[in-house]
Amino acid sequence: MSQFWKPGTEKPRLIDDEEGGVLFLTASASSSSSGYGFASIEKQRQRLPVYKYRTAILYLVETHATTIVVGETGSGKTTQIPQYLKEAGWADGGRVIACTQPRRLAVQAVASRVAEEMGVKLGEEVGYTIRFEDATSTGTLIKFLTDGVLLREMMDDPLLTKYSVIMVDEAHERSISTDILLGLLKKIQRRRPELRLIISSATIEAKSMSAFFQTSRRRRGLQDAEPALAMEPAILSVEGRGFNVQIHYVEDPVSDYIQAAVSTVLLIHDKEPFGDILVFLTGQEDIEAAVKLLTEEARDNRKSSSGLIVLPLYSGLSRAEQELIFSPTPRGKRKVVISTNIAETSLTLEVSDIENLVVAPISKASARQRAGRAGRVRPGKCYRLYTEEYFVNEMATEGIPEIQRSNLVSCVIQLKALGIDNILGFDWPASPSPESMIRALEVLYSLGVLDDDAKLTAPLGFQVAEIPLDPMISKMILSSNQLGCSEEVLTIAAVLSIQSIWVSSRGIQKELDEAELRFAAAEGDLVTFLNVYKGFLQSGKSSQWCHKNYINYHAMKKVVDIREQLRRIAQRLGVTLKSCDKDMQVVRKAVTTGFFANACRLEPFTHNGMYKTVRTSQEVYIHPSSVLFRVNPKWIVYHSIVSTDRQYMRNVATIEPSWLREVAPHFYRQDGPDPMLH
DNA sequence: GAGCACTGC
């Protein structure tokens, strides 16, 4: 039998760290034999740093309402802790152990790893749930899910009663859903004293997290029940398995950071014996510039840069181009990967031999995470293109939590649906600004989702909350019912919920533009999507057809999939499936009922394609990727804005100005700015 | 005639 702590047996030895009660286990756990008959996997599990803390973790979870585990990547906490809990009986009696992740990919990867370690079929004892995909069964004991999915589950079961332990992993990333989840879990704890929380974080912002979860016994109504349960969160540190990474700083600030990155790569190549190089830059443009510089250098000056294989890495590249970075480096060559922050968290580079790393300014936490990428398989070096003084004095410790810099419309409606009426008084781990809250409430009110008392309206508000999409899109779907164009609008909604349906690759811009023209609709991008979708279906969902038309086949498969899910949800909410055939007027009208707040009017007399938002008179332009770029119709609504040197509207549709007051009379009041002018 | 990155329901 594996060794673990049981209530009533001798406690593991723990010492209090002087710094704020951080607990370290001093006893070394004795090795145990496998109880599963998978000796090699069991051995692997025991080699993970977290294994030493198995007993301590189980002890702390047993005796504390909340346990905060601080551990670097590679400590094994994500895969092991849920298994420890299961082995200790936390999944007995029909209870389930939950472990949340911020990203879908991580959910799937971790779940399949744990299923493999336990020797069970994925979807049975070990399962996972992500949006549009549920791989669990009634026998699931350990369930991995995105934090967003767990929030959705709270709509049906506000106290999350089936879970005995909820582990919130990667809490340091501070995604909006993680923050909402933490706030709500704190509330649940008061009603469910038997529930245990594990907050797992890679950085030592554990103290603020600990302060957040500090609750008094009286407040939780626990004067008599569970007297042994500590209300103060326990904090446990688990070391990672990373190797030492030597940090280098520049002596003086650099002015041209692309040039500095290129020079540093050449310097490393010249001075260091072996190992690949990973460079972080900010965006696609800078990356292509750096790749070009390095490639030119390789051509002009063969001596200093021969043997370099330069590879860009950003989300816009095709899957095949991205996968080049995983190809083994030939003998005598050195691979240089020049990447966006996609390599910071999203891609697993553990298997590649990264020795050196160059970094551009970000937060300290991010910088540490990037440096950590150099020490995954052996000791590495990290070259920072800023001074040590800058790192120590200027750089923010953590990035700003997403909730303090984002649109809160979805977040507010979700809290409303969970019965949290006093949104402004909600107990957040990091409070969003009241202004952004009020802006979100305004939009929801104008959509008709909230009433004068800021309560969800019936049925619209509850229906919108039920659909797992941006409330503006949900509203568009629901209003398509009366307009008789639900088939078309569901397609638009599905396309809007994926990144892009076009292939994105370097050097084919012209072909791509031409392909786009074949589908372009005068009514704008959203109607263009309908043409593409129709063509895809007519081709028999052919990948060749996609290839020929520069359309991303995998994206289209996803669109079909998501559309099917949305169709089911919409029908459940009483939307009748109906096509408007060729009548695009009703489609545009449905779009307007969702996106009226994003209405813009072309500025007359400027002739440079400048628009102003009807509501706030902000200067905006149509994005160059839009089919209406340079067409500049007078009145449009946009789906989203990208801010670069200008504010660019992405995915636009033409509208009639008279519709604005028709679909949102309170928003475009008679006494307000008159959209009918001109 | 021009494009910041990434994530989620």
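Since this is a predicted model, take the numbers as computed values, not measurements. In the text below, chain A, chain B and the rest are named by the order of the sequence lines, each starting its count at 1.
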Nearest-nucleotide pick for A:Arg103, side chain only, options being B:dG8, B:dC9, B:dA2: B:dG8

Distance-only polar pair, side chains of A:Glu153 and A:Tyr163, donor-acceptor under 3.5 Å: yes

Interatomic distance, A:Asp525 CG vs B:dG3 C1' [rounded to whole Å]: 14 Å

Whole angstrom value for the distance that separates P of B:dG8 from CD of A:Glu173: 10 Å

Ionic contact status for A:Glu173 with A:Arg103, cut-off 4.0 Å: yes

Between B:dC6 (P) and A:Ile176 (CD1): distance, integer Å: 18 Å

Short side-chain N/O contact from A:Thr146 to OP1 or OP2 of B:dT7, under 4.0 Å: no

Euclidean distance, atom CG of residue A:Asn632 to atom P of B:dG1 [Å, nearest integer]: 11 Å

Distance, rounded to the nearest Å, where A:Leu145 contributes CG and B:dT7 contributes P: 19 Å

Rounded distance in Å - CG (A:Asp169) to C1' (B:dT7): 15 Å

side-chain contact (heavy atoms from CB on, under 4.5 Å), paired with A:Met167, selected from A:Ile142, A:Ile198, A:Leu197, A:Ile199: A:Ile198

A:Arg104 side-chain N/O to B:dC9 phosphate OP1/OP2 under 4.0 Å: yes

Rounded distance (Å) that lies between atom P of B:dT7 and atom CD1 of A:Ile130: 13 Å

Any donor-acceptor N or O pair under 3.5 Å, side chains A:Asp134, A:Thr129: yes

Atom pair distance, as rounded to whole Å: NE2 in A:His172 and P in B:dT7: 15 Å

Given B:dC9, B:dG3, B:dA2, the nucleotide with the shortest approach to the side chain of A:Phe629: B:dA2

